[in-house]
Amino acid sequence: MSETPPLLVDIDGTLTDESRAIDPRVFPVLREWPETVVIATGKAMPFPIALCEFLGIERTVVAENGGVVFVEATDELQLRGDHEASLAVAEAYRELGHELGFGAVDLANRWRETEVVVSLNQPLEPLERVAEEFGLVVLDTGFAYHVTDPSVDKGTGLEAICAELEMDPSSFLAVGDSENDAEAFDVAGEAIAVANADETAKARADRVTEARYADGFLEAVAPYRP
């Protein structure tokens, strides 16, 4: 068994199965991981915080693709994206006759603090055009279109956490499945894409698993487990 590194892991498409439900087999892996675990996701902060809470692990998270960073050990919360610009993009998009696509209550956006997400069933081209006018970019994570600040990403989020904890990003193993994981792959010491990953993630990873989704995650971490 190799020496266990600190771990950064995505949620959707990495810890989940095809239905987007978290595979329960990952729970003991994350709970028993002997080094720092960072949950890094495009989701709003309540989701990774809840995952850590129910796992009983320290709440160290990168949310909203790097826009939100929380480190429980230092009680540090950083909001690093331009939320006002993303809200302006959403308003302009609606004025063009489009919707965000998540219904009236819109749980996908309700707790977001730095970005806006749009359903994949909505038109992409006008969204990208409006986002560019406001200096933002659109990420397609395979689950939603994220209107986000190009100055932040999961890589900058990991660097912010490491600055708080006096760690080196290159000490981390990073596991993910999407273009929004690519920057974290760039700064981590080892990057593994699960087999269902998009081409951007696969190209930036050090290796790609044979298995998909949570099976791929379990394959990725297997060399570091007893």
Side-chain angles (χ1 to χ4, degrees), residues 8-24 26-27 30 37-57 59-72 77-124 126-128 130-131 134 136-149 152-154 157 176-181 184 194 196 198 213-214 217:
L8 177 141
V9 62
D10 170 54
I11 298 177
D12 285 324
T14 305
L15 297 180
T16 64
D17 59 20
E18 293 89 337
S19 70
R20 296 184 63 183
I22 290 185
D23 190 315
V26 310
F27 294 154
L30 298 173
V37 173
V38 176
I39 305 296
T41 179
K43 289 182 176 295
M45 185 172 70
F47 293 92
I49 290 292
L51 176 59
C52 294
E53 184 82 11
F54 290 121
L55 282 172
I57 65 174
R59 294 168 293 184
T60 309
V61 306
V62 176
E64 299 187 29
N65 298 305
V68 180
V69 173
F70 179 67
V71 183
E72 182 177 7
L77 172 64
Q78 299 181 27
L79 303 181
R80 303 163 61 86
D82 190 342
H83 199 208
E84 289 186 6
S86 68
L87 292 175
V89 170
E91 182 61 27
Y93 190 65
R94 290 190 186 98
E95 289 176 356
L96 292 174
H98 309 299
E99 298 295 333
L100 301 187
F102 295 109
V105 177
D106 193 358
L107 297 180
N109 282 297
R110 185 175 182 86
W111 300 288
R112 287 188 185 271
E113 299 181 86
T114 67
E115 65 172 26
V116 164
V117 293
V118 177
S119 173
L120 295 178
N121 63 21
Q122 300 300 303
L124 175 59
L127 182 64
E128 290 180 322
V130 174
F134 286 88
L136 303 183
V137 296
V138 179
L139 295 176
D140 179 356
T141 65
F143 298 97
Y145 299 130
H146 294 248
V147 180
T148 191
D149 189 325
V152 298
D153 51 57
K154 290 186 183 181
D177 77 305
S178 180
E179 66 173 315
N180 67 335
D181 295 306
V194 291
N196 55 285
D198 63 28
Y213 298 102
F217 169 72

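Among residues two or more places apart in sequence or in another chain, the side-chain hydrogen bond (donor to acceptor under 3.5 Å, both in side chains) test is passed with R59 by E53, E72.
Across all their heavy atoms, I57 and L30 have their closest contact at CG2-O, 3.8 Å. In this structure, V116 and A90 approach most closely via the heavy-atom pair CG1-CB, 4.1 Å. Residues T148 and L136 approach most closely at O-CB, 3.4 Å, considering heavy atoms. Taking both residues in full, the closest heavy atoms of V130 and A92 are given as CG1-CB, 3.5 Å, listed atom of the first, atom of the second, then distance. The two atoms that bring P48 and A63 nearest to each other are CG-CB, 4.2 Å, heavy atoms only. Across D23 and A214, no two heavy atoms sit closer than the pair CB-CB, 3.4 Å.
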*What's the verdict on side-chain contact (heavy atoms from CB on, under 4.5 Å) for V61 and V69, showing C-alpha distance, side-chain angles and the deciding distance?*
CA-CA 6 Å; V61 306; V69 173; over 6 Å; no
*Would D12 and K43 count as a salt bridge (charged side-chain N to carboxylate O under 4.0 Å, His left out) if you check the C-alpha gap in whole Å, the side-chain angles of each, and the deciding distance to 0.1 Å?*
CA-CA 9 Å; D12 285 324; K43 289 182 176 295; 3.3 Å; yes
*Before giving the answer on side-chain contact (heavy atoms from CB on, under 4.5 Å), spell out for T41 and N180 the whole-Å C-alpha distance, their side-chain angles and the decisive distance to 0.1 Å.*
CA-CA 8 Å; T41 179; N180 67 335; over 6 Å; no
*Apply side-chain contact (heavy atoms from CB on, under 4.5 Å) to the pair V117 and Y145, showing each step before the final yes or no.*
CA-CA 5 Å; V117 293; Y145 299 130; over 6 Å; no
*Assess whether side-chain contact (heavy atoms from CB on, under 4.5 Å) is satisfied between F217 and L15, documenting all intermediate values.*
CA-CA 7 Å; F217 169 72; L15 297 180; 3.8 Å; yes
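Side-chain contact between L55 and F27: present, with at least one pair of heavy atoms (C-beta onward) separated by less than 4.5 Å. Annotation: side chain of R94 is in contact with side chain of L100 (closest heavy-atom distance under 4.5 Å). Annotation: side chain of D177 is not in contact with side chain of T141 (no heavy-atom distance under 4.5 Å). Residues P123 and Y93 meet the side-chain proximity criterion, which asks for heavy atoms closer than 4.5 Å. Side-chain contact between D149 and N65 is absent, with no heavy-atom pair separated by less than 4.5 Å. Side chains of T16 and I11 form a contact here, defined as non-hydrogen atoms less than 4.5 Å apart. Using a 4.5 Å heavy-atom cutoff, the side chains of V118 and V138 are not in contact. No side-chain heavy atom of R80 sits less than 4.5 Å from a side-chain heavy atom of T114.
If you take CG on L8 and NZ on K154, they are separated by 7.0 Å, rounding to the nearest 0.5 Å. Taking OG1 of T60 as the reference point, atom CZ of F70 lies at 8.0 Å (rounded to 0.5 Å). The structure places CG of D140 at 8.0 Å from CG of D198, a figure rounded to the nearest 0.5 Å. In this structure, CG in N196 is found 4.5 Å from OH in Y213, a value given to the nearest 0.5 Å. Separating the CZ atom in F143 from the CZ atom in R20 is a distance of 5.5 Å, to the nearest 0.5 Å.
Between F47 and W111, the angle of the ring planes goes over 60°, which puts this pair in the perpendicular group of the 30/60° scheme.
Remark: side-chain polar atoms of E99 are not paired, donor with acceptor, to backbone N or O of Q122 under 3.5 angstrom. At least one donor-acceptor pair closer than 3.5 Å links the side chain of E64 to the backbone N or O of E113.
Enclosure of atom CD in E84 is not indicated, since only 12 or fewer non-hydrogen atoms of other residues, nucleotides or ligands lie within 6.0 angstrom.
Applying side-chain contact (heavy atoms from CB on, under 4.5 Å) to V9 and the options V26, V38, I39 leaves one that passes, I39.
H146 and E115 share a donor-acceptor pair across their side chains, judged by distance under 3.5 Å alone.
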